[in-house]
Q: 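Let me begin by handing over the structure; questions about it come next.
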Protein chains: 2
Amino acid sequence: MPARAQTSTAVVVAAGRRLLEERGTDALTMRDVADAVGVRTPSLYKRVRSRSDLLRLVLEDVADELTAAIDTAANSGDPTADLRALMAAYRRFAHANPVAYALMYAPQTVSGATTRSERSSATLLRLVTELAGPRHTLQAARTIVAWANGFIAMELAGAFRLGGDIDQAWEFGLDRV
Amino acid sequence: MPARAQTSTAVVVAAGRRLLEERGTDALTMRDVADAVGVRTPSLYKRVRSRSDLLRLVLEDVADELTAAIDTAANSGDPTADLRALMAAYRRFAHANPVAYALMYAPQTVSGATTRSERSSATLLRLVTELAGPRHTLQAARTIVAWANGFIAMELAGAFRLGGDIDQAWEFGLDRV
DNA sequence: ACCTGAACACCGTTCAAGT
DNA sequence: ACCTGAACACCGTTCAAGT
């Protein structure tokens, strides 16, 4: 007689994502996730292979949402305006999901999660091709992404405490790049 | 009768740093550090307050070394050449200490470690002032540092697997910024 | 003053036993 | 087919007892 399922992978991942963002990576324990979905710890292993597997699934979920947010933001048809809108959406998303963002773009994190996050760069590559020409597409895109990631990472880490207007610095960099 | 000290804070930090770089953050256990310095685990707490305190001390050690490497590299007198040399030294250091670098510039890491790492930006600020003028110093410096950090972080994370010459992309970005 | 064994609370994970 | 209590190995940390 099969026992009825009390939860699902989607629910487990959602709970994991919420806990991750609320309390940080280290505080994301299997016990807390189990409590959140109303099940005992061992049952989680019917849904995910391990804690790091859960973390991977959470980051994939975040990456999918980021891709959607980016594609929605950049659809006016004007490459310049779209690029600015894309960058703004990107930064906004990182601010709304700081912990997950940090995990996604930090070296030495969960392996395998990079695959899906690459999909979110498709729109960016298209826009940059239109602006910089096909010859420098890859290098220009890398420059922009590197700058944006670095800026947001520093911003989230609170590395900008020499004062000054941070929004203004963002615009300054965006113009130059 | 006082028992002779079998180790010192400096030795503990050095062992912690080596293990961190060799095996990653998670694998840095108090037991392994204790084994490395030839002492039992509880004795470590005579040298450091906690594991996260040890991590903080390790990162401060790394930050000091980075500052020294930067200042040594940028001393030709020519601001443009010095800036390039500084960036190169910075990237080289990150490549030589990837785990520690990632930890230093990742959001939500060890609190308190940022203080010393700010010192390493003094030279950069001076060079940028000479090049960009005092009006835009802070914003220009932020743009450069953000780009460099972002580039190196993505490089270390292996995010550049669409191919292409990475050194060339570095030069491209450096020129533009 | 420092070192140590023993103990504690907590964690991820496994597994046999239940339904 | 999924759920669970019990158990295991491991971790950071504390502390009383040694020298």
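Below, chain A is the first sequence line, B the second, and so on; all start at residue 1. As the structure is a prediction and not an experimental result, all values here were calculated from the model.
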Q: Can you identify which nucleotide, out of C/dT4, C/dG12, D/dT14, has its nearest atom closest to the B/Y45 side chain?
A: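 That would be D/dT14.
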
Q: With respect to the phosphate group of D/dC10, does any side-chain polar atom (N or O) of B/R31 fall under 4.0 Å of OP1 or OP2?
A: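 The answer is no; no side-chain N or O of B/R31 sits under 4.0 Å from OP1 or OP2.
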
Q: Check every strand shown and say whether B/R47 touches a base, only sugar-phosphate, or nothing at a heavy-atom separation below 4.0 Å.
A: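 B/R47: backbone/sugar contact only, no base atoms under 4.0 Å.
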
Q: Could you check B/G38 against A/T41 and say which one's nearest nucleotide on DNA chain C is further toward the 5' end?
A: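 Between the two, 5'-proximity favours B/G38.
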
Q: Atom CZ of B/R23 and atom P of D/dC10: how far apart are they, to the nearest Å?
A: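 Rounding to the nearest Å, CZ of B/R23 and P of D/dC10 are 14 Å apart.
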
Q: When rounded to the nearest 0.5 angstrom, what distance separates CZ in B/R126 from CG in B/L86?
A: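 Here the rounded value is 9.0 Å.
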
Q: What nucleic acid atoms does B/S50 come within less than 4.0 Å of, heavy atoms only: base, sugar-phosphate, or nothing?
A: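 Sugar-phosphate contact only.
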
Q: Are the side chain of B/R91 and the backbone of B/F151 linked by a donor-acceptor contact shorter than 3.5 Å?
A: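 Flag not set: sc B/R91 to bb B/F151 has no pair under 3.5 Å.
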
Q: Using a heavy-atom cut-off of 4.0 Å across all strands, would you classify B/T29 as base, sugar-phosphate, or nothing?
A: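 Sugar-phosphate: the residue B/T29, judged by heavy atoms under 4.0 Å, touches backbone atoms but no base.
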
Q: Please name the nucleotide paired to D/dA6 by Watson-Crick or G-U wobble geometry with both distances under 3.5 Å, or report none.
A: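 Result: C/dT14.
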
Q: When the distance from CG of B/D53 to P of D/dT13 is rounded to whole Å, what number comes out?
A: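 After rounding, the gap between these two atoms is 10 Å.
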
Q: For the pair made of CG in A/D26 and P in D/dC11, what is the distance, rounded to whole Å?
A: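 Rounded to the whole Å, the gap is 15 Å.
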
Q: Between A/S43 and D/dT4, does any side-chain N or O lie under 4.0 Å from OP1 or OP2?
A: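 So the side chain of A/S43 is within the cut-off, an N or O lying under 4.0 Å from OP1 or OP2 of D/dT4.
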
Q: Round to the nearest Å and state the distance from A/D35 atom CG to C/dG12 atom P.
A: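 Spelled out: CG on A/D35 to P on C/dG12 is 12 Å.
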
Q: Report the nucleotide, chosen from C/dT4, D/dT13, D/dC3, that has the shortest atom-to-atom distance to any side-chain atom of B/R40.
A: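 Looking only at heavy atoms from C-beta outward on B/R40, the closest nucleotide is C/dT4.
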
Q: Report the residue (A/P42 or A/K46) whose heavy-atom-nearest nucleotide on DNA chain D is the more 5′ of the two.
A: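 Mapping each residue to its closest nucleotide by heavy atoms, the 5'-most match is A/K46.
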
Q: Atom CE of B/M30 and atom P of C/dC3: how far apart are they, to the nearest Å?
A: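 In whole Å, C/dC3 P lies 13 Å from B/M30 CE.
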
Q: Just wondering, do B/D53 and B/Y45 contact through their side chains at under 4.5 Å, heavy atoms?
A: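 Result no, sub-4.5 Å side-chain heavy-atom pair not found.
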
Q: Step by step, work out the side chain to side chain contact (heavy atoms under 4.5 Å, CB included) result for A/F93 and A/T67.
A: CA-CA 10 Å; A/F93 189 86; A/T67 304; over 6 Å; no

Q: Choosing from C/dG12, D/dC3, C/dC2, which nucleotide comes nearest the side chain of B/A5?
A: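 My answer, after comparing the listed nucleotides, is C/dC2.
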
Q: C/dG12 P sits how many Å from A/L55 CG, rounded?
A: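 Taking atom P of C/dG12 as the reference, CG of A/L55 is at 11 Å.
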
Q: Taking the basic N atoms (NZ, or NE/NH1/NH2) and the acidic carboxylate oxygens, is any pair closer than 4.0 Å for A/R17 and A/E21?
A: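 No, A/R17 and A/E21 are not salt-bridged.
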
Q: Is there a Watson-Crick or G-U wobble partner for D/dA1 with both distances under 3.5 Å, and which nucleotide is it?
A: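 With both distances under 3.5 Å, D/dA1 matches C/dT19.
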
Q: So which one's nearest nucleotide on DNA chain D is more toward 5', B/R51 or A/L44?
A: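 On the 5' side of the pair lies A/L44.
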
Q: Can you check whether B/R4 has a side-chain N or O nearer than 4.0 Å to OP1 or OP2 of C/dA1?
A: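 Indeed not, no polar side-chain atom of B/R4 lies that close.
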
